[in-house]
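First the structure, in the form of structure tokens, and then the observations on it.
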Amino acid sequence: MKTLKTQVAIIGAGPSGLLLGQLLHNAGIDTLILERQTPDYVLGRIRAGVLEQGMVELLRKAGAGQRMDAEGLIHNGFELSLDGRQVHIDLHALTGGKTVMIYGQTEVTRDLMAARQIAGATTLYGVENVVPHAMKTAEPFVTFEKDGESYRLDCDYIAGCDGFHGVARQSIPADSLKIFERVYPFGWLGILADTPPVHEELVYARHPRGFALCSMRSSTRTRYYLQVPTGETVEQWSDQRFWEELKSRLPAELAETLVTGPSIEKSIAPLRSFVVEPMQYGRLFLVGDAAHIVPPTGAKGLNLAASDVSTLFDILLKVYREDRLDLLEKYSQICLRRVWKAERFSWWMTSMLHRFDDHDGFSQRVAESELAYFVDSEAGRKTIAENYVGLPYEPIE
Ligand code: APR
Ligand code: PHB
């Protein structure tokens with residue numbers, strides 16, 4: 001077995017692992033990233049597209065914000081279409097000047113990969129059987145295989161940035177973790193198309209036929225979603241069926257101007273809320289999707305990954321520079337306070353905007369009335385806006 005050594009071993013080269021790696025590397029802390037897939041596979045996944053200001057600033061801090069600043073679209077608000085009635089949520093005005101950045105997760109990942117390559121830091125792709133060990137000791141290590149060779153990676157800390165299906169969370173004894181979960185009875189069918197956006201801002205539509213979302217990646221590339229029942233497959237959805245259904249859920253003036261075209265990607269994602277507590281086990285820290293999942297309705301998944309990264313980075317910096325080992329045990333509690341607020345908002349947006357077939361008439365009216373109460377009041381719109389642009393990151397003492 002070959003032995004390698006680093007300061008922070010990072011499992012997973014998604015946005016969490018790459019962003020943490022870049023911040024640590026720039027601070028002079030050595031990292032090695034272990035990724036199961038190939039770079040092309042990682043870049044082939046179409047995921048989120050809305051960045052909170054906190055994440056935008058973190059990407060700049062990591063030195064990976066140039067292309068985002070040049071090509072990303074700053075959005076001052078979004079549109080709600082509620083059973084035909086349109087409500088504008090003016091993020092900028094309601095939050096005292098905050099906005100969001102439209103820039104795809106694929107591009108964030110591409111930029112972070114490039115920055116890591118320029119920095120000369122190592123990511124090992126195509127590794128197999130990654131297993132963290134001795135997390136409760138001061139000398140943890142990770143074993144893995146690559147090209148038929150076995151390796152042992154000695155380190156100070158392990159960051160589990162390996163997503164919901166990763167090995168990090170699963171390597172923690174089950175009786176040391178508490179899981180909180182809700183699975184929704186529907187998914188989102190998404191398509192990507194090289195067509196101009198139907199509206200200059202994102203449109204979240206509540207409709208008796210189900211939820212729809214009009215999003216975008218640029219002024220020439222769109223991302224649209226439809227709520228579909230669990231169990232439905234992409235084969236059941238031709239492009240034509242998708243566009244017809246989307247039009248039926250949008251206000252007439254948008255449906256009329258919607259430009260359709262061939263899809264370049266089509267996929268269905270289930271909707272789930274999930275949190276594991278605590279987000280750490282000894283010297284293993286869970287970051288991003290490895291620790292929590294939100295339904296996409298609040299655009300919070302990627303942004304929560306970024307706030308976890310920020311917290312872990314700030315703590316590790318103080319550990320290495322100021323010997324503040326006492327901060328290590330605070331990681332989970334600091335992250336979870338923000339995570340749960342985003343879980344609540346994502347659950348709420350999902351509950352308000354989707355069609356629930358198992359809801360009786362009373363529940364339906366209460367949901368409609370709750371949403372009407374929020375959008376008809378300045379205080380309610382402010383609440384939606386301040387959550388959507390992102391709650392503040394908690395500073396590390
Ligand atoms: N060994 C090595 N790598 C692994 C393993 C493993 N056992 N299991 C998973 N991985 C890799 C995956 O291939 C993936 O590239 O870990 C990476 C995890 O990346 P993501 O799933 O993208 O998770 P994360 O980086 O936390 O990103 C946050 O926010 O918008 C949401 O779900 C969206 O992906 C997004 C997430
Ligand atoms: C996306 O563009 O993929 C997107 C945007 C907003 C959301 C979810 C997904 O709430």
Side-chain angles (χ1 to χ4, degrees), residues 9-21 33-52 55 73 75 78 100-109 112-113 123-132 142-146 158-171 188 190-192 197 201-204 211-218 221-225 265 267 269-272 274 279 286-309 312 342 345-346 349-350 353 388:
I10 299 175
I11 308 174
S16 299
L18 289 167
L19 183 53
L20 179 66
I33 303 185
L34 304 173
E35 166 61 49
R36 181 163 60 179
Q37 306 290 353
T38 62
D40 282 347
Y41 183 96
V42 173
L43 288 173
R45 296 186 294 224
I46 307 296
R47 298 254 179 101
V50 178
L51 312 186
E52 296 172 351
M55 176 159 193
L73 307 172
H75 278 200
F78 65 85
V100 292
M101 174 83 84
I102 304 301
Y103 192 63
Q105 179 171 327
T106 308
E107 305 313 313
V108 170
T109 308
L112 286 165
M113 277 179 175
T123 307
L124 298 179
Y125 285 94
V127 300
E128 292 173 295
N129 294 325
V130 173
V131 183
V142 182
T143 55
F144 63 95
E145 284 152 33
K146 182 169 164 63
I158 305 170
C161 303
D162 50 351
F164 184 62
H165 301 287
V167 66
R169 188 181 69 252
Q170 285 164 30
S171 66
W188 277 19
I191 69 163
L192 196 64
E201 294 180 338
L202 268 57
V203 182
Y204 290 79
F211 171 78
L213 170 60
C214 305
S215 183
M216 65 190 77
R217 290 291 174 272
S218 70
R221 179 166 285 189
T222 46
R223 181 77 170 153
Y224 293 108
Y225 296 97
E265 197 265 359
S267 53
L271 262 68
R272 179 195 298 271
F274 177 97
M279 288 171 53
L286 301 178
V287 182
D289 277 18
H292 40 71
I293 296 291
V294 287
T297 327
K300 290 283 158 265
L302 178 59
N303 292 301
L304 272 188
S307 57
D308 290 351
V309 166
L312 186 56
F345 178 65
S346 305
M349 288 283 280
T350 303
L353 296 175
Y388 194 85

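Both ligands and their constituent atoms are indexed starting at 1 by order of listing.
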For this session: Below 4.0 angstrom from a heavy atom of Gly288, which ligand 1 atoms are there? Numbered from 1 as shown, please.
Result: 26 (O)

For this session: Could you pull out, from His292, Gln37, Arg45, the option with a heavy atom nearest to atom 14 (C) of ligand 1?
Result: Arg45

Problem set entry | Phe78 and Tyr388 aromatic ring geometry - parallel, tilted or perpendicular at 30°/60° bounds | tilted

For this session: May I ask which of His165, Arg47, Glu35 has a heavy atom nearer to atom 21 (O) of ligand 1 than the others do?
Result: Arg47

For this session: Identify, by atom number and element, the atoms of ligand 1 in contact range of Ala48, meaning under 4.0 Å from any of its heavy atoms.
Result: 30 (O)

For this session: Please work out whether any backbone atom (N, CA, C, O) or any side-chain heavy atom from C-beta onward of Cys161 is under 4.0 Å from ligand 1, and answer side chain, backbone, both or neither.
Result: backbone

Seminar exercise, completed: The closest protein heavy-atom partner of atom 9 (C) of ligand 1 is Asp162 O, 3.1 Å

Problem set entry | Element-labelled atoms of ligand 1 that are located less than 4.0 Å from some non-hydrogen atom of Pro15 | 22 (O), 25 (O), 27 (O)

Exercise. Is any N or O atom of Trp188, backbone or side chain, closer than 3.5 Å to an N or O atom of ligand 2?
Worked result: no

Problem set entry | Min side-chain heavy-atom separation Ile10-Leu34 under 4.5 Å | no

Exercise. Would Arg169 count as a cation-pi partner of Phe164, with NZ or CZ less than 6.0 Å from the six-membered ring centre and within 45° of the ring normal?
Worked result: yes

For this session: Would you mind listing which atoms of ligand 2 come within a distance below 4.0 Å of any non-hydrogen atom of Val50?
Result: 5 (C), 6 (C)

Exercise. Mind checking whether Ile102 has a heavy atom under 4.0 Å from ligand 2?
Worked result: no

For this session: For Arg217, counting its heavy atoms only, list the atoms of ligand 2 lying under 4.0 Å from any of them.
Result: 1 (C), 2 (O), 3 (O)

Seminar exercise, completed: shortest atom 6 (C) of ligand 2-to-protein heavy-atom contact is with Tyr204 OH, 3.3 Å

Problem set entry | Per atom 2 (O) of ligand 2, closest listed option by heavy atom (Pro296, Ser215, Gly49) | Ser215

Seminar exercise, completed: Nearest heavy-atom approach of Thr297 to Trp188 is OG1-CZ2, 3.7 Å

Problem set entry | atom 32 (O) of ligand 1 [closest protein heavy-atom partner, distance rounded to 0.1 Å] | Asp289 OD2, 2.5 Å

For this session: For Leu202, counting its heavy atoms only, list the atoms of ligand 2 lying under 4.0 Å from any of them.
Result: 5 (C), 6 (C)

Problem set entry | Atom indices of ligand 1, in the order listed, that fall short of 4.0 Å to a heavy atom of Gly301 | 29 (O), 30 (O), 31 (C)

Problem set entry | ligand 1 contact on Val130 by region, counting heavy-atom pairs under 4.0 Å | side chain

For this session: Using distance alone, decide if ligand 2 has a nitrogen or oxygen within less than 3.5 Å of any nitrogen or oxygen in Tyr388.
Result: no

Seminar exercise, completed: heavy-atom search around atom 35 (C) of ligand 1 in the protein gives Gln105 NE2, 3.2 Å

Exercise. Would you say Tyr225 and ligand 2 have an N/O pair spaced under 3.5 Å apart?
Worked result: yes

Problem set entry | Under 4.0 Å to a heavy atom of Gly166 - the qualifying atoms of ligand 1, by number | 8 (N)

For this session: Answer side chain, backbone, both or neither: which part of Leu34 comes under 4.0 Å from ligand 1, heavy atoms only.
Result: backbone

Seminar exercise, completed: Going by the 4.0 angstrom heavy-atom rule, the piece of Arg47 near ligand 2 is backbone

For this session: Identify, by atom number and element, the atoms of ligand 1 in contact range of Val167, meaning under 4.0 Å from any of its heavy atoms.
Result: 7 (N)

Exercise. Side chain, backbone, both or neither: which part of Ser16 comes within less than 4.0 Å of ligand 1 when only heavy atoms are counted?
Worked result: both

For this session: Closest by any non-hydrogen atom to atom 23 (O) of ligand 1: pick that one out of Gly163, Gly14, Ala269.
Result: Gly163

Exercise. Considering only heavy atoms, does Thr297 approach ligand 2 within less than 4.0 Å through its side chain, its backbone, both, or neither?
Worked result: backbone

For this session: Measure the distance from atom 8 (N) of ligand 1 to every protein heavy atom, then report the residue, atom name and distance (to 0.1 Å) of the closest one.
Result: Arg36 NH2, 3.3 Å

For this session: May I ask you to identify the nearest protein heavy atom to atom 31 (C) of ligand 1, giving residue, atom name and distance to one decimal place in Å?
Result: Leu302 N, 3.4 Å

Exercise. How about Ser16 and Asp308: do any of their side-chain heavy atoms sit closer than 4.5 Å?
Worked result: no

